[in-house]
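In what follows, every chain begins at residue 1, and chains take the letters A, B, ... in the order their sequences are listed. As the structure is a computational prediction, the values presented were derived from the model and not from experiment.
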Protein chains: 2
Amino acid sequence: MVWDMTTMKEIAQQTGVSVSTVSLVMNHRDEGRVKAEVASRVRETARKLGYKVNPMARSLRTNSTRILGFISDEVATTPYAGGMILGAQTAASRFGYMLITVSTDDGMKEDNEIDALKRYGTDGFLYAKMSNRITDVPAKLLDYPLVLTDATDVNGKVPSVEPDEFSIAYDATTYLIKAGCKRIAYVGCSEPLLAQEGRLAGYRAAIAEAGMPFDDKLVANVVNNGPALRAVSRLFDSEHPDGFFCFNDARAWYVYECAARRGLTVGKDISVVGVDNHRVFAETLEPQLTTVELPHFEMGYWAATKLISMIENRPMNDIEWPKTTAPLTPIDAPIPAKIHCTLLEKGSVAR
Amino acid sequence: MVWDMTTMKEIAQQTGVSVSTVSLVMNHRDEGRVKAEVASRVRETARKLGYKVNPMARSLRTNSTRILGFISDEVATTPYAGGMILGAQTAASRFGYMLITVSTDDGMKEDNEIDALKRYGTDGFLYAKMSNRITDVPAKLLDYPLVLTDATDVNGKVPSVEPDEFSIAYDATTYLIKAGCKRIAYVGCSEPLLAQEGRLAGYRAAIAEAGMPFDDKLVANVVNNGPALRAVSRLFDSEHPDGFFCFNDARAWYVYECAARRGLTVGKDISVVGVDNHRVFAETLEPQLTTVELPHFEMGYWAATKLISMIENRPMNDIEWPKTTAPLTPIDAPIPAKIHCTLLEKGSVAR
DNA sequence: CTGAAAGCGCTAACAA
DNA sequence: TTGTTAGCGCTTTCAG
């Protein structure tokens, strides 16, 4: 600590009271225990001296540091982590907490990092994945307050915050229908992600609700690279869709590539709604692509808020929803849907 | 703290020595002060009991927490922060430090966050930008050990770690030349970024070294969206380049789009080397695009290492370079160049 | 070589 | 209503 902080002792001396009195006042536990006049004198000197509590010293007594541990994989390999971290940090900061972020992508051994975090007195953990997966939570975490973020506990015990995948696709598809599309393709992901299930269901529901037939020839679940591009090419040539729901940026790119090769213009000849962070498209395109943004910020925010409510053992009722992060770029209005984010309270955890 | 850690007291009791002796041993300050036999007995019980020092308690005495503060903007809006955070965390963890990450993009007031970090006893700061800019460092940071990451101090006083932009473009261009390209375009950025200067210089140097004339009609500095796309279109039609150096993913996308519209295939009819994280292209394309990856991980790693060396006041000589994060996807070999990263030691800082 | 004692800044039980 | 005391886990003189 380079900077010298003023201590309670100093306040006590300046005010002519004891340290315990100062402690009571600074912790707002003075109601009916310290004379109001004394209390306000204490507060005044504290203000004058710019007193800030020393969390380290406090934690030595209270076993509570107001530090949250944020554990995630892939922070370096996906662009999503940032939003989640920012959301979590925003909530943390709002309640006077700090976030220690550790990621386990590299050589970092997860258990070691967890141990280190525990040594630093972390009050609870956020365990994040970069896309919703059934997750086997590390045992080392289970005896702490814990919230999963964009992940689902394999045992359904640990509370989690997840995106509402169904609504994402439902809203996007409805948007395409309202735009007048008649043959709407679903360009999805053939890996077994939770998002894939939910979104395909949302797509089907929207189609059905509009009285349109479901045609599985319009569904192309692909992985990547050449095979994906060829699958989307076939979709273009045999089905001639006029609307595309795309699982993410990468899938949307196949559609763009195929359209360009056929002299079709997105936003004129075909319509595309893509899910995701739309970073590349936001920078490259005229606003032709309608995007549903995944609520990473919100998930982080809510997960942290939930975690704090567990740590402090108090309800979250009065906590308002944060304003959503603004889209990077103006988007072809109207935006397909409000961004949903489901907060699942599946149970609580041993303390 | 939920978990009960074993304390020095317990070790002392079990071993039948005093706490001070244990402290001496656990801190490797026992040389010539504690009998070797006793020391090893202490170490043995410590091992048996799984002793880990309590950093909070220690910091109360030592004023050193082994916590590093990582401050950056835009963690949520760029995909780069993750790599830098991971690099910094990897280095930190290697030396027994922890990273507290705060980002200042949202409503977070930077000075408040810095104060909070200081209260938590942060030993020093990493101040990061998401692309190298001349940076006016917050005054609140100047009395602490401090390293800039992907940023340059406006006063040239604060040490910084930056990417070697010149070499990036030099290597990429040389790669295109060796591949047989005769008319190599530079698709750059018209915003005044440090990267732009350095890379254009690297491009020119490579061109010159190959005895090729520099033709500024081959240089297209663009911003984004429609105007950018049209500028690249003009470049295609009037200059017919056969090789492209692209400032980043977004610029590379314009080249792809234009190529597709003209029936040209990247990797066959034209060659492209793009700088950046190539996340989208890695997932979407066959390996046609050669990529120079920006050393975000390395910058984070080195900046943290440098910072620790400042905090502990010891040289960095014996510290080896980390293995670079693996590319997401196999890349058209040979990779254009090793990734350079310059470590600038511009001076030291008041403690 | 080793241990007793003091104290880092704070909180909490208890006396006064 | 307030102060005294003890102690969180650790480091650091200072005696022995």
Nearest-Å distance, [atom1] ([X]) to [atom2] ([N])?
X       : N      : atom1 : atom2 : answer
D30(A)  : dT2(D) : CG    : P     : 10 Å
E10(B)  : dG7(D) : CD    : C1'   : 15 Å
R119(A) : dG9(D) : CZ    : C1'   : 15 Å

I'd like to know if the side chain of T15(B) and the backbone of V42(B) have a donor-acceptor N/O pair within less than 3.5 Å.
no

Name every residue in residues 36-49 of chain A that has at least one heavy atom under 4.0 Å from any atom of DNA chain C, in order of residue number, or write none if there are no such residues.
none

When D111(A), N112(A), D115(A) are each screened for side-chain hydrogen bond (donor to acceptor under 3.5 Å, both in side chains) with K140(A), the one that passes is D115(A)

For nucleotides 9-16 of chain C, read 5' to 3', which letter fits each nucleotide if B means a protein heavy atom sits under 4.0 Å from the base, S means only the sugar-phosphate is that close, and - means neither?
BBBB----

How far apart are the closest heavy atoms of P55(A) and R119(B), and which atoms are they?
CD-O, 3.2 Å

Taking 4.0 angstrom as the limit, do E37(A) and R41(A) come out as a salt bridge?
yes

K118(B)/D143(B) salt bridge by N-O under 4.0 Å criterion
yes

If each end axis of the helix from dC1(C)-dG16(D) to dA16(C)-dT1(D) is fitted on five C1' pair positions, the angle between them, to 10 degrees, is 50°

Return the set of residues passing side chain to side chain contact (heavy atoms under 4.5 Å, CB included) with A39(A) (not counting sequence neighbours), or none when no residue passes.
V25(A), D30(A), V34(A), R43(A)

Kindly write out the residues that satisfy side chain to side chain contact (heavy atoms under 4.5 Å, CB included) with S18(B), not counting sequence neighbours, or none if the list is empty.
S20(B), T21(B)

Any T21(A) side-chain nitrogen or oxygen under 4.0 Å from OP1 or OP2 of dG3(D):
yes

What residues, two or more places apart in sequence or in another chain, satisfy side chain to side chain donor-acceptor pair (under 3.5 Å) together with Q13(B)?
none

Any side-chain heavy atom of D123(A) sitting closer than 4.5 Å to one from Y97(A)?
yes

Report the relative orientation of the aromatic rings in Y80(B) and H296(B); use parallel for angles under 30°, tilted for 30 to 60°, perpendicular for over 60°.
parallel

